[in-house]
Protein chains: 2
Amino acid sequence: MAGVRVVVVDDDPLVRAGLRMILGGAPDVEVVGEAVDGQDALDVVARELPDVVLMDIRMPRMDGLAATRRLKERGTTARIIVLTTFDTDEMVLTALQLGAAGFLLKDTAPADLVVAVRRVALGEPMLSPSVTTQLIAAVTRPADDGRRRKARILLARLTEREREVADAVSDGMTNTEIARSLHLGVATVKTHVGSVFTKLEVTNRVQVARYVHDAADER
Amino acid sequence: MAGVRVVVVDDDPLVRAGLRMILGGAPDVEVVGEAVDGQDALDVVARELPDVVLMDIRMPRMDGLAATRRLKERGTTARIIVLTTFDTDEMVLTALQLGAAGFLLKDTAPADLVVAVRRVALGEPMLSPSVTTQLIAAVTRPADDGRRRKARILLARLTEREREVADAVSDGMTNTEIARSLHLGVATVKTHVGSVFTKLEVTNRVQVARYVHDAADER
DNA sequence: CTCCGCCTCCACCATCCGGTGGAGCCAGGG
DNA sequence: CCCTGGCTCCACCGGATGGTGGAGGCGGAG
């Protein structure tokens with residue numbers, strides 16, 4: 001194999017030159033093209049069919065995320081590494097959802113950049129540590145946020161039976177259906193539903209459903 | 001600084017020896033203790049107060065995930081790297097939610113293992129490529145799963161007004177409240193609620209709330 | 001043993017819901 | 001110009017819901 005073919009996309013000539021120099025130092029990597037914005041990138045990638053694209057985000061005309069989307073829509077085989085100075089949560093998630101294979105900060109060490117290009121060319125992902133941290137936060141955070149905890153606490157005050165009834169209620173069952181399904185009298189169900197309302201401090205069953213769902217959605 | 005202090009936890013003596021040898025090759029890393037299972041690990045970590053713990057998952061008595069949870073509960077300052085042969089989605093997410101700083105497969109190259117220990121000691125995360133891939137999948141996937149899409153499609157059939165009413169319904173409001181809040185007659189609200197039921201193919205408002213919630217929870 | 005909490009049920013009643021079958025108004029498209 | 005679809009409202013009805021007060025059984029804590 002002739003090495004990894006790379007296209008560099010950045011509106012700053014200095015950055016392009018720097019990347020060219022860094023990547024040029026690796027014998028198995030070859031920079032086969034440059035683009036100055038997203039629009040340009042579409043053409044260059046179409047012409048050069050590179051293995052990897054190093055894509056800046058902030059660029060005139062078309063930004064890196066939009067360009068990534070377009071490339072993916074066109075079914076490009078090139079793996080895309082997003083390369084930027086800033087790493088907001090939103091950008092990270094957006095880029096990855098668009099199918100970016102890597103997300104690196106511009107403070108990445110030259111050696112790591114080369115490693116990233118090689119790894120991504122092999123189909124592996126490569127993220128900067130802080131990006132990984134954000135990603136971990138993204139899957140960890142939802143595990144315990146505000147109203148979730150409140151819902152848990154309130155639901156914990158329910159007795160076993162009440163909880164069963166509350167679950168049934170939030171499945172959209174009527175009292176009669178619940179009675180049948182739990183082998184109870186309708187009167188009993190109504191009693192339980194009543195105490196659920198009191199304990200959760202609500203006045204109708206839709207609100208019960210909200211609490212149960214909030215407390216539930218385990219991920 | 002005297003180097004990174006590491007405790008190795010694995011029930012297999014061969015694995016422990018191997019790790020000791022790999023890490024021993026690095027002058028700035030020192031293996032200060034070993035444990036043969038999770039229970040043991042708690043003691044050793046409490047005694048040695050290491051910077052980093054290399055934790056196997058499959059172990060007798062107490063597995064690595066449980067041990068990680070316990071350590072975190074006790075407010076340990078040690079960063080934990082989970083080290084295992086297998087990487088099921090579930091384990092990865094669980095470990096990270098428990099606060100593991102790293103998740104490495106046992107096929108990791110010795111050099112990378114040392115790098116991981118150093119990076120984790122500095123507070124950065126370190127994941128094997130395949131683990132990173134899973135993590136990306138985990139944050140990308142929820143963007144469109146089964147009943148979510150169905151809910152979206154059904155809700156799309158609602159008119160503007162009906163959608164407003166549906167939202168109000170799933171906030172737990174009564175028809176009268178909705179009427180007031182949207183400056184409508186109660187009769188109108190009832191009409192809208194009726195068509196919402198028809199279009200969503202449900203028979204009561206709790207089920208409407210389910211659809212709206214399913215379609216909603218953007219992440 | 002007695003009290004307390006939970007579970008089970010009852011009756012009564014006002015209100016809310018959900019279903020049905022209308023009707024008038026308006027804007028956009030054929 | 002008429003038809004369609006969305007929005008607004010009306011009346012009527014049976015059944016479901018939510019609120020109140022009460023009662024008996026049962027098991028555990030004091």
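Model, not experiment: these values are computed from the prediction. A note on names: the letters A, B, ... follow the listed sequences, proteins ahead of strands, and every chain is numbered from 1. Just so you know, these numbers use all the heavy atoms, side chains as well, and skip hydrogens, waters and symmetry mates.
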> Going by atom types alone, do A/Thr159 and A/Glu162 pair a side-chain donor with an acceptor below 3.5 Å?
Replying inline: yes

Review item, nucleotides 17-25 of chain D N/O atoms under 3.5 Å of protein N/O:
unit_1: D/dT17; atom_1: OP1; unit_2: A/Arg205; atom_2: NH1; d: 3.4
unit_1: D/dT17; atom_1: OP2; unit_2: A/Asn175; atom_2: N; d: 3.0
unit_1: D/dT17; atom_1: OP2; unit_2: A/Asn175; atom_2: ND2; d: 3.2
unit_1: D/dG18; atom_1: OP1; unit_2: A/Arg205; atom_2: N; d: 3.4
unit_1: D/dG18; atom_1: OP2; unit_2: A/Arg205; atom_2: NE; d: 3.0
unit_1: D/dG18; atom_1: OP2; unit_2: A/Arg205; atom_2: NH2; d: 3.4
unit_1: D/dG18; atom_1: O6; unit_2: A/Lys190; atom_2: NZ; d: 2.7

Could you check whether any side-chain heavy atom of [X] comes within less than 4.5 Å of a side-chain heavy atom of [Y], counting everything from C-beta outward?
| X | Y | answer |
| --- | --- | --- |
| B/Asp56 | B/Leu83 | no |
| A/Ile81 | A/Phe103 | no |
| A/Leu104 | A/Leu113 | yes |
| A/Thr132 | B/Pro125 | yes |

Give the rounded distance in Å between these two atoms: [atom1] of [X] and [atom2] of [N].
| X | N | atom1 | atom2 | value |
| --- | --- | --- | --- | --- |
| B/Arg163 | D/dG6 | CZ | P | 14 Å |
| A/Leu184 | C/dC7 | CG | P | 10 Å |
| B/Glu160 | C/dA27 | CD | C1' | 16 Å |
| B/Leu158 | D/dG5 | CG | C1' | 15 Å |
| A/Ile178 | C/dT8 | CD1 | P | 13 Å |
| B/Arg161 | D/dG5 | CZ | C1' | 16 Å |
| B/Gln207 | C/dC17 | CD | C1' | 13 Å |
| B/Lys199 | D/dG5 | NZ | P | 11 Å |

>> On the nucleotide D/dG5, are OP1 or OP2 found under 4.0 Å from the side-chain N or O atoms that B/Thr159 carries?
In response: no

> Any side-chain N or O of B/His192 less than 4.0 Å from the OP1 or OP2 oxygen of D/dC7?
Replying inline: no

> Which heavy atom in A/Asp12 sits nearest to a heavy atom in A/Leu14, and how many Å separate them?
Replying inline: OD1-N, 2.8 Å

>> Let me check the geometry of the helix from C/dC1-D/dG30 to C/dG30-D/dC1. What is the bend angle between the axes at its two ends, five pairs each, to 10°?
In response: 30°

> Contact class for B/Thr188 (heavy atom, under 4.0 Å): base, sugar-phosphate, or nothing?
Replying inline: base

> Any donor and acceptor pair, going by atom type alone, linking the side chain of B/Gln207 with main-chain N or O of B/Thr203 inside 3.5 Å?
Replying inline: yes

> If you draw a 6.0 Å radius around CZ in A/Arg70, do more than 12 non-hydrogen atoms from other residues or ligands fall strictly inside?
Replying inline: no

Mind listing the side-chain donor-acceptor pairs of residues 175-183 of chain A below 3.5 Å, one per line with the distance, residues two or more places apart or on another chain?
unit_1: A/Asn175; atom_1: OD1; unit_2: A/Arg205; atom_2: NH2; d: 2.5
unit_1: A/Glu177; atom_1: OE1; unit_2: A/Thr174; atom_2: N; d: 2.9

